[in-house]
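Single-structure report; data block below.
This chain uses plain numbering: 1 for the first residue, then up along the sequence. Computed from a predicted model, the values in this text were never measured in an experiment.
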Amino acid sequence: MTNYNPQKIEKKWQRQWEKWKLFKTPDKSKKPKFYVLDMFPYPSAEGVHVGHLRGYTFSDLIAKKKTMEGFNCLHPMGWDAFGLPAENFAIKTGVHPAKLTKESITNIKKQLLSAGFGYDWQREICSCQPDYYKWTQWMFLQLYQAGLCYKKEAAVNFCPSCKTVLANEQVIEGKCERCSSLVEKKYFEQWFFKITDYTERLLNDLNRIDWPEKIKIMQRNWIGNSEGTNIKFLISNFQFLIEVFTTRVDTLFGCTYIVIAPEHPIIENLKLKIGNWKEIEKYVEKAKKKTEIERLAEDKEKTGIELKGVKVINPINNQEVPVFVADYVLMEYGTGAIMAVPAHDQRDFIFAKKHNLPIVEVIKPKTGTSPLPERAVEEDKSSSSPSPKRSVFEEDGVLINSGPFSELKSEKAREEITKYLEKRNLGKKTIYYKLRDWLISRQRYWGVPIPIIHCLKCGVVPVPEKDLPVKLPEIKDFKPTGKGESPLAKSKKFVKVKCPKCGALARRETDTLDTFVCSSWYFLRYVDSKNKKEFASKEKIKNWLPVDLYIGGAEHATLHLLYARFFTKFLFDQKLIDYPEPFLKLFNQGIVYRQGAKMSKSKGNVVAPDHIIKKFGADTMRLYELFMGPADQATEWSDKGVIGCYRFLNKIWGLRQKTVDKKQRTENRELERLIHKTIKKVTEDIESFRFNTAVSALMILTNELEKENQLSVISYQLLLKLLAPLAPHLAEELWQKLGNKKSIFLEKWPEYDSKLIREENVTLVIQVNSKVRDKIEVEVDISEEKAKELAISQKKVKNWIEGKEIKKVIFVPGKLINIVI
Ligand SMILES: [Zn+2]
Ligand SMILES: [Zn+2]
């Protein structure tokens with residue numbers, strides 16, 4: 001008997017599986033389909049670490065089990081190859097990103113193969129290859145032709161270090177998602193996708209998909225809807241009006257001024273009426289230079305100037321109130337104007353104090369008295385510091401000082417006041433969303449060229465489909481310019497082009513597409529990755545989509561996952577696909593920590609799979625990835641845990657010498673029951689992503705089997721089949737050693753005998769009027785009648801019920817019976 005030598009057997013089986021084309025998925029099959037997808041990685045020069053491999057181990061396990069269960073399982077892999085990480089690394093090292101990306105892919109592919117993952121490599125895609133990005137450009141043109149793509153000058157997020165603009169989704173707390181530099185605000189002409197046309201559907205359809213609730217919540221918050229009222233404030237002695245949006249129309253009687261954004265177009269209209277125009281103009285100019293973060297910063301004092309000579313009328317009480325311009329109001333949200341209620345909004349309160357504006361209390365708490373803001377300030381002044389910061393009463397309550405609406409509760413008052421305004425055409429119930437259009441152009445080299453031509457005569461002309469792909473030119477100087485211009489602008493050969501419409505000399509668009517455009521549709525390409533005429537044939541799309549299970553990191557909640565949903569809905573509307581959601585079920589694997597931190601090269605806590613595979617084998621690594629903790633939770637990597645898994649596999653290896661070739665099971669009944677219970681548990685645990693408990697069930701079984709002197713080959717084979725998706729090489733090797741000629745993965749997944757695993761006896765709790773009076777051993781499937789009969793005949797129970805009428809019997813099978821008297 002040889003020892004377990006993973007280094008020897010793993011390479012052998014990887015080669016054999018390839019020879020057998022074991023993981024190649026046919027497009028046509030009588031079996032039901034199952035599409036399990038990993039988020040495709042970007043080819044980093046550092047390769048992948050064991051944290052990355054956790055999700056891949058899950059998806060591979062599920063793909064292998066589903067295949068054994070009789071599904072035609074699609075499990076592809078590819079490369080999200082364009083984008084900033086590769087390009088930034090290229091700039092740092094001076095190596096061209098194309099070369100770098102190619103090397104990285106070769107390296108990572110080797111890593112994935114050595115882990116024994118069963119991807120169908122014939123379907124491999126790479127988003128930086130022209131045969132792929134031709135279709136990314138094609139998608140852009142479809143959106144353009146549908147009116148969902150436009151160019152406009154806009155205040156954009158600009159990363160001074162990456163020297164490119166960023167989508168809102170790529171700005172995390174005011175910093176660049178990639179390099180953590182503070183993001184600046186700049187004004188550039190940029191391309192946008194009109195994702196906002198899909199806002200409501202993106203929100204509502206979340207109810208149709210089986211995704212983790214936290215991801216749904218993140219998307220809902222990102223899309224963000226706030227229900228409220230648009231109110232018209234007429235300008236005194238002028239034909240214009242200013243519309244404000246508020247979620248608190250119940251406080252309208254307390255509105256003593258309104259505030260508009262510096263970009264509000266009404267300012268220009270009021271130019272002749274504004275007494276302090278010069279001052280206003282200066283303020284507006286200054287505001288334009290500030291970033292959104294600076295303008296909204298909580299700790300900064302809110303600035304603002306009154307538009308002298310302009311008053312608006314509060315439509316609920318016809319009082320004239322002043323108008324301020326202040327940069328903490330943003331044009332992009334709501335109507336770009338707000339009503340201020342200093343008695344019930346802390347920010348308005350501070351502002352009103354500073355500018356000596358009236359403060360009118362209009363809401364009191366439902367119980368008790370409200371802390372009057374006036375008093376709060378006085379108290380803060382008099383008490384010795386540090387005094388607690390008092391805030392005004394901002395919650396819902398009961399209306400006061402509100403004319404006919406006084407005494408109404410806030411909720412009711414919002415309805416009533418809105419109705420009142422609607423009747424007079426001075427207001428309207430409204431929903432505003434936070435979601436903005438998706439900024440898709442980048443002034444960077446390593447991306448998909450935007451297929452647009454600018455002609456002096458014809459204007460913006462889309463590149464005709466027959467001329468796709470617009471190939472990314474190989475230029476030497478690919479560094480970003482930082483002047484709002486893409487490095488592609490430096491290539492005259494690329495820029496100069498004939499206008500497809502009039503034939504005159506024209507200029508190519510030099511911006512490239514955000515990489516998230518490439519990844520918004522890649523899951524469609526896998527089903528037909530070699531197709532030269534379409535992004536994928538309709539038939540194959542119909543065969544394979546939607547994706548049944550998508551596994552990846554939770555960090556993509558508002559970027560990739562939102563964009564992919566948008567693309568899918570668009571293609572659905574174009575009748576190119578026949579379902580409106582891309583991923584039916586989503587699973588986020590937990591992050592792998594080491595030394596208390598997320599693995600990263602800079603922290604020096606990375607574990608490379610190559611190291612583990614060399615020392616213990618891929619099967620041990622896979623098993624540990626599954627066993628280390630609950631699959632959806634962050635877990636600390638432990639070298640000890642790895643050794644434990646290695647020992648377990650050695651045990652299974654050693655068990656073979658106990659096998660005797662008996663055609664019939666000879667195990668004792670207890671052991672046979674344990675085997676079938678394990679089949680049930682492993683099957684169900686994998687189905688519900690409880691991989692760690694599936695592994696421990698196999699460990700328990702193995703320990704029991706070890707105690708036996710002899711083991712029937714049938715039992716051993718069952719164990720190997722259960723193990724096969726988890727530790728494929730070992731299972732395959734032992735399977736062959738038992739004399740089997742075909743792969744273990746062509747075997748059927750074991751089924752358990754439900755009669756065998758039934759617990760024979762259970763403890764039945766007997767209650768009288770819900771109080772426990774006795775416990776008895778009964779057969780697990782005892783009927784209600786029988787249980788009642790047994791229960792009332794117990795001596796302890798008799799004492800309680802004798803001479804009384806039984807009104808009701810509550811029976812919970814296998815658990816308890818409650819006699820109600
Ligand atoms: Zn950056
Ligand atoms: Zn032209």
Side-chain angles (χ1 to χ4, degrees), residues 1-6 8-10 12-13 61 64-65 68-69 116 616-617 619-620 622-624 626-627 643-686 691-760:
M1 172 100 186
T2 51
N3 287 331
Y4 172 42
N5 183 350
K8 213 171 122 194
I9 62 172
E10 289 182 353
K12 179 180 85 185
W13 284 113
L61 157 64
K64 286 189 163 86
K65 174 171 169 274
M68 290 173 82
E69 284 176 330
F616 302 102
D619 284 339
T620 293
R622 296 172 61 116
L623 203 72
Y624 180 62
L626 299 167
F627 185 56
I643 294 168
C645 286
Y646 181 65
R647 287 206 186 114
F648 166 62
L649 292 181
N650 269 289
K651 268 188 201 174
I652 289 182
W653 181 270
L655 275 182
R656 190 174 68 90
Q657 57 182 344
K658 292 191 177 184
T659 55
V660 282
D661 193 8
K662 288 185 195 143
K663 290 296 166 225
Q664 267 163 359
R665 289 183 199 142
T666 55
E667 265 71 63
N668 63 60
R669 201 166 156 75
E670 268 315 298
L671 196 58
E672 209 175 337
R673 262 180 55 176
L674 180 64
I675 290 171
H676 282 261
K677 269 175 150 177
T678 309
I679 295 173
K680 181 170 190 274
K681 184 156 175 58
V682 171
T683 305
E684 290 174 357
D685 280 0
I686 293 175
F691 309 127
N692 56 333
T693 53
V695 175
S696 55
L698 286 171
M699 287 174 168
I700 291 167
L701 176 64
T702 304
N703 286 341
E704 288 306 311
L705 293 177
E706 250 201 332
K707 290 177 190 161
E708 301 292 307
N709 293 324
Q710 284 194 342
L711 195 62
S712 89
V713 81
I714 292 178
S715 300
Y716 193 53
Q717 286 187 345
L718 280 175
L719 175 67
L720 293 181
K721 284 183 203 172
L722 292 179
L723 190 74
L726 295 82
H729 310 87
L730 175 87
E732 187 79 284
E733 174 75 12
L734 291 169
W735 182 253
Q736 307 295 323
K737 280 198 187 305
L738 294 176
N740 296 296
K741 291 277 173 285
K742 284 184 182 165
S743 170
I744 191 168
F745 295 103
L746 301 175
E747 289 295 309
K748 265 181 82 179
W749 184 252
E751 277 173 26
Y752 59 90
D753 184 342
S754 57
K755 267 188 238 136
L756 258 175
I757 60 164
R758 194 176 292 158
E759 296 283 351
E760 274 131 4

Gap between atom CG of Leu626 and atom OG1 of Thr693 - 0.5 Å precision: 11.0 Å
Heavy-atom pair of closest approach, residues Pro750 and Ile679: O-CG2, 3.5 Å
Atom NZ of Lys12 with >12 non-hydrogen neighbours under 6.0 angstrom: yes
salt_bridge(Lys707, Glu704) N-O dist < 4.0 Å: yes
Contacts of type side-chain contact (heavy atoms from CB on, under 4.5 Å), residue Lys680, not counting sequence neighbours: Glu684, Tyr752, Ile757
Test item: Lys651 side-chain N/O and Asn703 main-chain N/O as donor-acceptor pair under 3.5 Å: no
Working for side chain to side chain contact (heavy atoms under 4.5 Å, CB included), residues Leu719 and Leu655: CA-CA 10 Å; Leu719 175 67; Leu655 275 182; 3.9 Å; yes
By salt bridge (Lys or Arg N to Asp or Glu O under 4.0 Å) - contacts of Lys755 (at least two apart): none
Close side-chain approach of Ile652 and Leu720, heavy atoms under 4.5 Å: yes
Residue pair Val682 / Ala694: nearest heavy atoms and the distance that separates them: CG2-O, 3.7 Å
Residue list, salt bridge (Lys or Arg N to Asp or Glu O under 4.0 Å) with Glu751, at least two apart or on another chain: none
Show me the donor-acceptor pairs within less than 3.5 Å that the side chains of residues 723-731 make with the rest of the protein, sequence neighbours left out.
| residue | atom | partner | partner atom | Å |
| --- | --- | --- | --- | --- |
| His729 | ND1 | Asp619 | OD1 | 2.8 |
| His729 | NE2 | Gln14 | NE2 | 2.9 |

Nearest-0.5 Å distance, CD of residue Gln717 to CD1 of residue Ile714: 7.0 Å
Distance (rounded to the nearest 0.5 Å) between Leu674 CG and Leu705 CG: 7.5 Å
Lys737: salt bridge (Lys or Arg N to Asp or Glu O under 4.0 Å) partners, not counting sequence neighbours: Glu733
Side chain proximity check, Glu69 to Thr683, heavy atoms < 4.5 angstrom: yes
Qualifying residue, where the test is ring pair (Phe, Tyr, Trp, His ring centres under 6.0 Å) with Phe616 and the options are Tyr646, Tyr4, Phe648, Tyr624: Tyr646
Expected output: side-chain Trp653 to main-chain Thr2 donor-acceptor under 3.5 Å: yes
Backbone of Lys742 reached by a side-chain donor or acceptor of Trp735 within 3.5 Å: yes
Any side-chain heavy-atom pair of Asp685 and Phe691 under 4.5 Å: no
Reported CG-to-CG distance for the pair Leu623 and Leu61, which is rounded to 0.5 angstrom: 10.0 Å
Whether Glu732 side chain and Ile744 backbone form a donor-acceptor pair below 3.5 Å: yes
Shortest non-hydrogen separation from Arg622 to Gly116 and the atoms involved: NH1-O, 3.2 Å
Distance in Å, Leu649 CG paired with Met699 CE, rounded so as to fall on 0.5 Å steps: 8.0 Å
Gap between atom CZ of Arg673 and atom CG of Asn668 - 0.5 Å precision: 11.0 Å
Residue list, side-chain contact (heavy atoms from CB on, under 4.5 Å) with Ile700, at least two apart or on another chain: none
